[in-house]
2 protein chains.
Amino acid sequence: MDIVISERSDMPIYEQIHVQLAAQVLDSRLEPNAMLPSIRTVARELGISVITIKKAWELLEADDLIYTRPGKGAFVSAHPPQDLRAKRQAFAVKRFHRDAAFYRGISITRDELISIVHREY
Amino acid sequence: MDIVISERSDMPIYEQIHVQLAAQVLDSRLEPNAMLPSIRTVARELGISVITIKKAWELLEADDLIYTRPGKGAFVSAHPPQDLRAKRQAFAVKRFHRDAAFYRGISITRDELISIVHREY
DNA sequence: ACCACTGTGTATGTCCAGTATGAACAGTTG
DNA sequence: CAACTGTTCATACTGGACATACACAGTGGT
């Protein structure tokens with residue numbers, strides 16, 4: 001489990017953790033049912049608050065990407081690969097709906113946006 | 001000049017104003033060199049603080065979309081249509097660079113993103 | 001010269017999200 | 001029983017967003 005916190009990101013820390021861990025689950029880089037380090041351990045290692053980690057864990061659990069068991073720990077949810085691919089798409093689509101509002105707001109057409117993605121991505 | 005403030009947006013008010021006005025300039029919906037309503041007028045009409053409007057005006061001026069003259073007012077910058085199209089592209093590209101970080105972070109390929117834009121936009 | 005506008009700058013204050021620390025509670029396991 | 005685990009609660013700090021108020025300086029019409 002690799003997490004890098006950027007102080008220059010405009011995303012809050014809990015969101016950075018959420019997204020990075022979600023990516024690792026969605027990429028099948030974490031073993032299904034593998035135990036995650038405890039929130040106290042991650043907090044200590046990253047030099048941040050347990051509450052911040054817990055918030056990220058809550059989002060991941062809401063996404064059905066991990067599950068937590070009081071007294072036991074937090075674990076990677078097990079999903080068939082095709083479900084993970086679908087979840088990754090859904091994750092991207094959900095975010096895209098928010099981003100799209102901006103481009104619509106400045107009258108960027110679909111073709112213009114596709115062209116931008118093609119060139120800049 | 002039309003501005004609608006959404007309390008449900010996750011964008012700060014000054015940013016909503018910035019983006020909406022930028023769009024109107026970039027779409028040539030505002031006459032070059034037309035005078036904008038004063039920051040006190042807009043503040044009163046929208047029921048917000050003059051400082052908030054001023055912040056939006058500052059961003060717009062930094063974008064070279066308006067210019068301000070103490071004692072006179074704020075005006076729409078005059079640009080040839082092709083320059084406005086280029087500016088609109090640049091505006092979108094700049095924003096896209098921020099948005100792209102997320103999609104890269106969850107390993108969405110260019111083709112996947114194009115497909116999402118095609119389907120959802 | 002005066003007035004009513006304009007933009008600009010400063011001071012002060014409130015609110016809220018994000019984050020922090022610490023402590024306590026409850027569950028699990030060896 | 002101890003050492004872990006997750007969970008909850010209390011309290012506090014910081015910084016950004018936003019607010020109000022006031023003062024300054026520029027512009028233009030009368």
Side-chain angles (χ1 to χ4, degrees), chain A residues 1 3-21 25 30-31 33-77 98 102, chain B residues 1 3-21 25 30-31 33-77 98 102:
Chain A
M1 195 192 84
I3 292 181
V4 174
I5 302 302
S6 165
E7 312 237 316
R8 296 156 72 184
S9 174
D10 58 348
M11 266 197 254
I13 296 177
Y14 73 87
E15 188 60 45
Q16 293 182 53
I17 298 168
H18 168 221
V19 168
Q20 289 180 44
L21 210 52
V25 175
L30 299 179
E31 193 77 18
N33 298 315
M35 186 172 159
L36 297 169
S38 76
I39 54 181
R40 283 175 182 80
T41 300
V42 179
R44 209 182 312 123
E45 282 170 1
L46 296 179
I48 64 184
S49 160
V50 161
I51 297 301
T52 304
I53 309 296
K54 179 162 167 52
K55 204 158 174 175
W57 263 222
E58 274 164 13
L59 293 176
L60 289 160
E61 197 160 21
D63 292 334
D64 191 27
L65 294 175
I66 70 169
Y67 58 96
T68 59
R69 295 290 177 266
K72 293 196 74 173
F75 306 85
V76 179
S77 291
R98 284 168 50 197
F102 172 86
Chain B
M1 193 194 88
I3 291 181
V4 174
I5 301 303
S6 165
E7 311 240 314
R8 297 156 71 186
S9 174
D10 59 350
M11 264 196 256
I13 295 177
Y14 73 86
E15 189 60 44
Q16 293 182 51
I17 297 169
H18 168 221
V19 168
Q20 288 179 44
L21 210 52
V25 175
L30 298 180
E31 194 77 17
N33 297 315
M35 186 171 161
L36 297 170
S38 77
I39 53 181
R40 284 175 181 82
T41 300
V42 179
R44 210 182 313 119
E45 283 170 358
L46 296 179
I48 65 185
S49 161
V50 162
I51 297 300
T52 303
I53 310 296
K54 178 164 167 48
K55 201 159 175 176
W57 262 223
E58 277 166 10
L59 293 175
L60 288 160
E61 196 160 21
D63 291 333
D64 192 27
L65 295 175
I66 71 169
Y67 58 97
T68 60
R69 294 291 176 265
K72 293 194 75 172
F75 306 86
V76 178
S77 291
R98 284 166 54 194
F102 172 85

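In what follows, chains carry the letters A, B, and so on, assigned in the order in which the sequence lines appear, proteins first and then strands, with residues in each chain numbered from 1.
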Just how far, in rounded Å, is P of D:dT20 from CG of B:Leu46? 13 Å
From OG (A:Ser77) to CG (A:Leu65), nearest 0.5 Å: 6.5 Å
Is any side-chain heavy atom of A:Val76 closer than 4.5 Å to one of A:Glu31? no
When only distance counts, do a donor and an acceptor, one from the side chain of A:Arg40 and one from the base of D:dT7, lie under 3.5 Å apart? yes
Test item: A:Ile39 and A:Trp57 side chains (from C-beta on) under 4.5 Å apart, heavy atoms: yes
Look up atom CD1 in A:Ile53 and atom CG in A:Leu46, then write down how far apart they are to the nearest 0.5 Å. 5.5 Å
Within residues 59-70 of chain B, find the residues that approach DNA chain D with a heavy atom at under 4.0 Å, and present them sorted by residue number. B:Pro70
Enumerate all atom pairs, one protein N or O and one N or O from nucleotides 9-18 of chain D, separated by less than 3.5 Å.
from, atom 1, to, atom 2, distance (Å)
D:dA17, OP1, B:Tyr14, OH, 3.1
D:dC18, OP1, B:Ile13, N, 2.5

Residue pair A:Ala56 / A:Ile17: nearest heavy atoms and the distance that separates them: CB-CG2, 3.6 Å
Nearest 0.5 Å, please: how far is CE in B:Met1 from CE in B:Met35? 11.5 Å
Separation between OG (B:Ser38) and CZ (B:Arg44), nearest 0.5 Å, reads 6.5 Å
Correct closest heavy-atom pair for B:Asn33 and B:Phe75 would be O-CD2, 3.5 Å
Rounded to whole Å, CD of B:Glu7 lies from C1' of D:dA19 at a distance of 14 Å
Between A:Ile53 (CD1) and D:dT8 (P), how many Å, whole number? 17 Å
note: B:Lys72, atom NZ; D:dG29, atom C1'; distance rounded to Å ~ 14 Å
Going from NE2 on B:His18 to CE on B:Met11, what distance comes out if it is rounded to the nearest 0.5 angstrom? 10.0 Å
On DNA chain C, nearest-nucleotide positions of B:Gly73 versus A:Val50: which is more 5'? B:Gly73
Please check if the side chain of A:Gln16 supplies one atom and the backbone of A:Ser9 the other of a donor-acceptor pair under 3.5 Å. no
Rounded to the Å, how far apart are A:Trp57 CH2 and D:dT7 P? 11 Å
Using a 4.0 Å cut-off to any heavy atom of chain B, which nucleotides of DNA chain C are the first and last in contact, reading 5' to 3'? C:dT6 to C:dT10
One should read off an interatomic distance between B:Glu58 CD and B:Ile66 CD1, to the nearest 0.5 angstrom, of 9.5 Å
